[in-house]
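Below: one structure, written as structure tokens.
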Amino acid sequence: RFFKEIFTREVLLKVAGALKSCNMRRLRIDLLRFMVKKWNSDSDMILMAQALYENKDFLDAFNVLKKVRNKKLCGYQKLLFKLGIFLERRVPSSLKVLKRACAKEKDSEVPAIFIYYLVKNGKLDESFRVFDRNRKVLSKAYGSVPVVKAALSALLEKAVAEERYSQAYS
């Protein structure tokens, strides 16, 4: 409580980052919850939702994300789609909005999200094209990024179900 009352938002963000690296999840979530109440900013809400997501509190993360006002932020869009995957829910957004919001992102999550939703919508050829364009970054992230693992598993399952083995294993 002492830290919360005295330090600025920027210092508290650094503390939250340090708590993440020390694997002190609950304390980090409590701090972020305080920050959301005090400053009520979209970025704080996204950080809190991300912390809940990392803690596998998907429904709580989704409920926090609903309160974000600027729905066009990349962090919001990525987290919304990731939660849609793990909660197995329809997402109140489109891949076009995600693409526009995250045009400058170079991580593995955006192409993985595209692959997952393209597969789920029956667009296997298009999902293979996204996979081929991002093969290196996706293969590096496969073991450590849950959304990449989910997307590639969905792609492989669909390819095998449709007897497109050669495309899946090339």
Side-chain angles (χ1 to χ4, degrees), residues 16-17 20-21 23-26 28-29 32 42-170:
K20 179 182 180 178
S21 64
N23 209 19
M24 300 180 89
R25 293 179 179 152
R26 279 288 146 206
R28 177 177 175 231
I29 290 169
L32 291 169
D42 284 348
S43 61
D44 292 340
M45 284 186 246
I46 292 169
L47 279 174
M48 185 173 149
Q50 181 66 37
L52 290 164
Y53 167 83
E54 290 166 1
N55 208 34
K56 295 184 177 24
D57 293 334
F58 301 132
L59 194 54
D60 288 343
F62 188 75
N63 289 331
V64 169
L65 215 52
K66 284 183 194 176
K67 298 172 187 170
V68 173
R69 291 174 296 281
N70 185 355
K71 311 275 189 222
K72 294 179 182 176
L73 296 170
C74 180
Y76 170 85
Q77 287 294 318
K78 281 188 348 184
L79 193 51
L80 179 67
F81 277 96
K82 290 189 303 187
L83 288 168
I85 291 170
F86 294 109
L87 287 172
E88 297 179 352
R89 288 190 171 185
R90 273 189 62 73
V91 173
S93 189
S94 73
L95 290 174
K96 289 178 184 175
V97 175
L98 174 69
K99 187 176 185 175
R100 236 184 336 243
C102 300
K104 296 177 183 171
E105 288 288 311
K106 300 293 182 203
D107 67 6
S108 60
E109 290 181 327
V110 174
I113 292 167
F114 269 87
I115 289 168
Y116 182 86
Y117 283 98
L118 289 169
V119 167
K120 292 300 177 185
N121 290 317
K123 298 178 180 177
L124 196 56
D125 290 329
E126 198 173 338
S127 62
F128 273 116
R129 283 193 290 276
V130 173
F131 174 73
D132 287 337
R133 284 193 306 267
N134 298 281
R135 185 181 299 259
K136 275 186 181 175
V137 71
L138 291 169
S139 62
K140 281 183 185 176
Y142 180 78
S144 60
V145 182
V147 73
V148 172
K149 195 170 199 167
L152 297 184
S153 295
L155 178 62
L156 187 59
E157 287 172 20
K158 187 73 165 177
V160 169
E162 293 188 11
E163 297 184 11
R164 294 175 67 178
Y165 311 111
S166 62
Q167 216 171 349
Y169 293 108
S170 63

Taking only residues two or more places apart in sequence or in another chain, which ones pass side-chain contact (heavy atoms from CB on, under 4.5 Å) with [X]?
X   : answer
K78 : C74, L98, C102, E105, D107, E109, V110, I113
A51 : R28, I29, L32
S43 : R9, S41
S94 : K96, V97

* **Within residues 61-77 or reaching into it, pairs that qualify as salt bridge (Lys or Arg N to Asp or Glu O under 4.0 Å) - sequence neighbours excluded** => D42-R69
* **Sequence neighbours excluded - salt bridge (Lys or Arg N to Asp or Glu O under 4.0 Å) pairs with any residue from residues 139-158** => K158-E162
* ring pair (Phe, Tyr, Trp, His ring centres under 6.0 Å) partners of F58, counting only residues at least two apart -> Y53, F86
* Can you sort out the partners of F114 under ring pair (Phe, Tyr, Trp, His ring centres under 6.0 Å), two or more places apart, ordered by chain and number? => none
* To do: Not counting sequence neighbours, which residues clear side chain to side chain donor-acceptor pair (under 3.5 Å) with S139? List them please.
  => none
* Does any N or O in the side chain of S127 come within less than 3.5 Å of the main-chain N or O of L124, such that one atom is a donor and the other an acceptor? -> yes
* 4.5 Å side-chain heavy-atom contact, V91 and Y117 -> yes
* Structure fact -> Residue set satisfying salt bridge (Lys or Arg N to Asp or Glu O under 4.0 Å) with R26, at least two apart, ordered chain then number -> D57
* To do: Looking only at non-hydrogen atoms, find the nearest pair between S144 and P146 and report the distance.
  => O-CD, 3.6 Å
